[in-house]
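The structure appears right after this line, and notes come after that.
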Amino acid sequence: MNLARLSTLPRDKADTLLLLASALLVLVPHTLHLPLWVSLLCGATLAWRAAITLRGKRMPPSLILIPLAAGAMLGVMHTYQTLLGRDAGVAMLVLLVAFKMLEMHARRDLFVVVFLCFFLVLTNFFYEQGIATALLMSASVLLLFTTQMSFQFTGSVPPLRERFRMSARMLGLAAPVALALFFLFPRIQGPLWGLPGDANGARSGLSETMAPGMLANLAQSPETAFRVKFEGAPPEREQLYWRGPVLGDYDGRTWTRLSPAQRGPAQRQALVNRRLPLSVAGEPLRYEVTLEPANNRWLFALEMPERLPAITGNAAQLSGEVEMTTLAPIDSRLRYQVSSFIHYRLQADGLPQDADQWLQLPADSNPRALMAGLQLRAIPDPGRRVESVLRGFRTENYVYTLNPPLLGKDAVDGFLYGSRAGFCEHYAGAFVFLMRAAGVPARVVTGYQGGDMNPLDGYLTVRQSDAHAWAEVWLARRGWVRIDPTAAVAPERVQRGLEGAVPPRPPFGIEGLGRFMSIDGEANPWLVQMRYAAGAMNNGWNQWVLNYTPQRQRGMVEQLQSSLLDWRLPAWLASLAILLLLVRTWRRRRGIDPIDALYSALCTRLSRLGLARAPDEGPHAYAERIGAAGRLAPGAQAAAQDFLRRYSAWRYAPRRADADLAATLKRLLSQVR
């Protein structure tokens, strides 16, 4: 229904439809996470209420509403197995708003619905806090203000467009206060509301296990894992290995981390004193990581981190496998400073005596791969054993794919001698299995490789699609050496990222759109720039709004306090005040009609000549008094009386276009001496 049709409806119907539109704008984003039956029931209820309003029918009786509401609550209980928690609570609140539309009998009920909608605006931020959600909720608040204002008028009601302007003006006046409160009001750590465990939900991210297909599924997620800001020039893409969980235990199907009982004294000692047998070369890379919440404890850094980062409100710890974790799960956006060495040697002085867990293999598993590894022991140099396996990956028609076939019980044998098609976890797992069978200590390292540098803001974005697995082998006098078997099969994965190794599939099977949808090529540079601009905006929103922590607030307040002691800030404030005063004066003068301005100038001039106008004296009476006083020269008196006669006709008679009136009045004003 357009605004013109809405303006012709009776006021009560127009206000009710405006309330329905406001509620619909608030409820629509919840359809993304609510059960389908809840969304359909709410849509049907709002449509029912709109039909009642337009047709002028009576509200349904309580005998219908009470069983309907009770059935809906039972449906929520059946869906979520509880009536408590975030999702169940939001679902009940959404249903409450919809049902309340059918139970409005007094003006008070209208305000109840409006206030419930205001609360639902907040619940949208439980699920998404991006810029788009903020803009949509701002529009919802504007429409709700307009609806609430519409109920307040008695008598004549301004047009809907004018009510929108009034609401926007109120929000504009409140915005500076809201910004001041946001930046200066004391903040607490964590959200303002206490939520149960489902508040953090299940988020995509690396886990402590790796089985065939796990990383391939994760690599299809475009979600951001973390962002990185380097102090200087970033390293080459081939060096961007972001270390995460290290997996050393294999049961024939799944790789997992070593249990505490499997860790030897060396690993436990590294955890205690936070030091490792590490020799480095060159200057460290310094950078800042903004980690997205994944409700786990992993901290990511380039290989090899120099020291543990300092984290406020949590504590970082280091394992013997150079894994950085936190004591408490990370359920909110986290920023930390790291420095890493690209050139290093880890444990090059000798492998600890209790490190035989890096050679363990399950019994009666993958016999063909086990026999191949035993045959590699005939090569005396462990480094040449590594090269032999990598050469096989390069020359024996292995395929890098996101959709490998399913493997049976002996997954390594099925991959090496059957499908020969797999993702990074297949190559890393099979390589470590062969190395252990060949007597070379080896382990799987998972994390991320690469990242997308945004030239607009200088941030490197690492997404879940950059999830990767590689291997580490221990070689005498070299220590733990990173080996990436995937690079032997698909070197473009390391050089250009996943899209360079696995072309994106065109949507809906339309081959012609594949090149257009690709964000990697030169075919659509404008689309790449749009993507970078959107990424920079989202990153700025995350850095300055969502990640405005108490520590950052404290730093900003301290900087503001120190600036107040500097003479430059008062000077800037004084200049700003003068500028605002000049703008206000200019706008006030612009608001005066030119004809009225000339009339004021005449009154001022006559006042200086002893003929001041009385406050209650109109132009006609003023002209008669000037003529009776006889204090002006005949020409000046005639000019003043002619001026006042023309002004009175312009002010009080029906308006007629007179383009020369201002010029005539200026001429007459100049004759009043």
Side-chain angles (χ1 to χ4, degrees), residues 29 32-33 85-87 89-90 122-134 137 182 187-209 214-215 217-229 242-245 287-301 308-317 323-338 446-448 451-452 459-467 534-553:
L32 298 176
H33 53 80
R86 178 193 64 180
D87 296 334
V90 170
L122 292 177
T123 61
N124 276 295
F125 293 104
F126 288 169
Y127 302 93
E128 177 60 41
Q129 299 178 10
I131 298 178
T133 301
M137 293 304 101
F182 176 81
R187 306 177 70 85
I188 61 175
Q189 190 72 37
L192 291 175
W193 44 79
L195 289 174
D198 63 353
N200 295 320
R203 298 181 174 93
S204 59
L206 292 176
S207 67
E208 298 184 0
T209 63
M214 291 184 62
L215 290 182
N217 294 331
L218 182 61
Q220 301 183 54
S221 171
E223 294 182 9
T224 299
F226 52 90
R227 290 182 172 90
V228 184
K229 180 72 171 181
W242 307 94
R243 192 179 186 91
Y287 51 95
E288 180 183 68
V289 178
T290 303
L291 183 64
E292 296 295 317
N295 203 26
N296 57 35
R297 302 183 300 114
W298 297 109
L299 299 175
F300 297 95
L308 284 172
I311 300 176
T312 304
N314 207 335
Q317 56 185 6
E323 302 164 305
M324 293 197 308
T325 57
T326 57
L327 288 177
I330 302 170
D331 55 7
S332 61
R333 192 169 284 102
L334 177 65
R335 299 204 312 178
Y336 54 92
Q337 307 284 339
V338 195
T446 60
Y448 299 90
D452 185 17
Y459 275 84
L460 181 83
T461 301
V462 180
R463 296 179 172 85
Q464 299 297 347
S465 56
D466 295 314
M537 290 177 58
N538 287 328
N539 182 45
W541 176 264
N542 293 339
Q543 296 287 341
W544 297 105
V545 178
L546 301 184
N547 198 38
Y548 187 63
T549 60
Q551 293 74 30
R552 297 192 66 189
Q553 184 189 51

* How about L206 and P245: do any of their side-chain heavy atoms sit closer than 4.5 Å? -> yes

| task | Decide side-chain contact (heavy atoms from CB on, under 4.5 Å) for Y448 and Q464; before the verdict, give the C-alpha distance in whole Å, the side-chain angles of both, and the deciding distance to 0.1 Å. | result | CA-CA 8 Å; Y448 299 90; Q464 299 297 347; 2.8 Å; yes

Residue set satisfying side-chain hydrogen bond (donor to acceptor under 3.5 Å, both in side chains) with Y336, at least two apart, ordered chain then number -> none

Please answer whether the main-chain N or O of R335 pairs with a side-chain N or O of T290 as donor and acceptor at a distance below 3.5 Å.
no

Sequence neighbours excluded, the answer for side-chain contact (heavy atoms from CB on, under 4.5 Å) partners of Q337 is E288

Sorted by chain and residue number, the side-chain contact (heavy atoms from CB on, under 4.5 Å) partners of L327 (sequence neighbours excluded) come out as N314, A315, Q317

Between F226 and F300, how do the two ring planes meet: parallel, tilted or perpendicular, split at 30° and 60°? parallel

Rounded distance (nearest 0.5 Å) linking atom [atom1] of [X] with atom [atom2] of [Y]:
X: T123; Y: H33; atom1: OG1; atom2: NE2; answer: 6.5 Å
X: R333; Y: E292; atom1: CZ; atom2: CD; answer: 4.0 Å
X: R227; Y: Y459; atom1: CZ; atom2: OH; answer: 9.5 Å
X: L308; Y: L299; atom1: CG; atom2: CG; answer: 8.5 Å
X: I330; Y: T325; atom1: CD1; atom2: OG1; answer: 9.0 Å

In short, A301 meets V338 closest at the heavy-atom pair CB-CG1, 3.8 Å

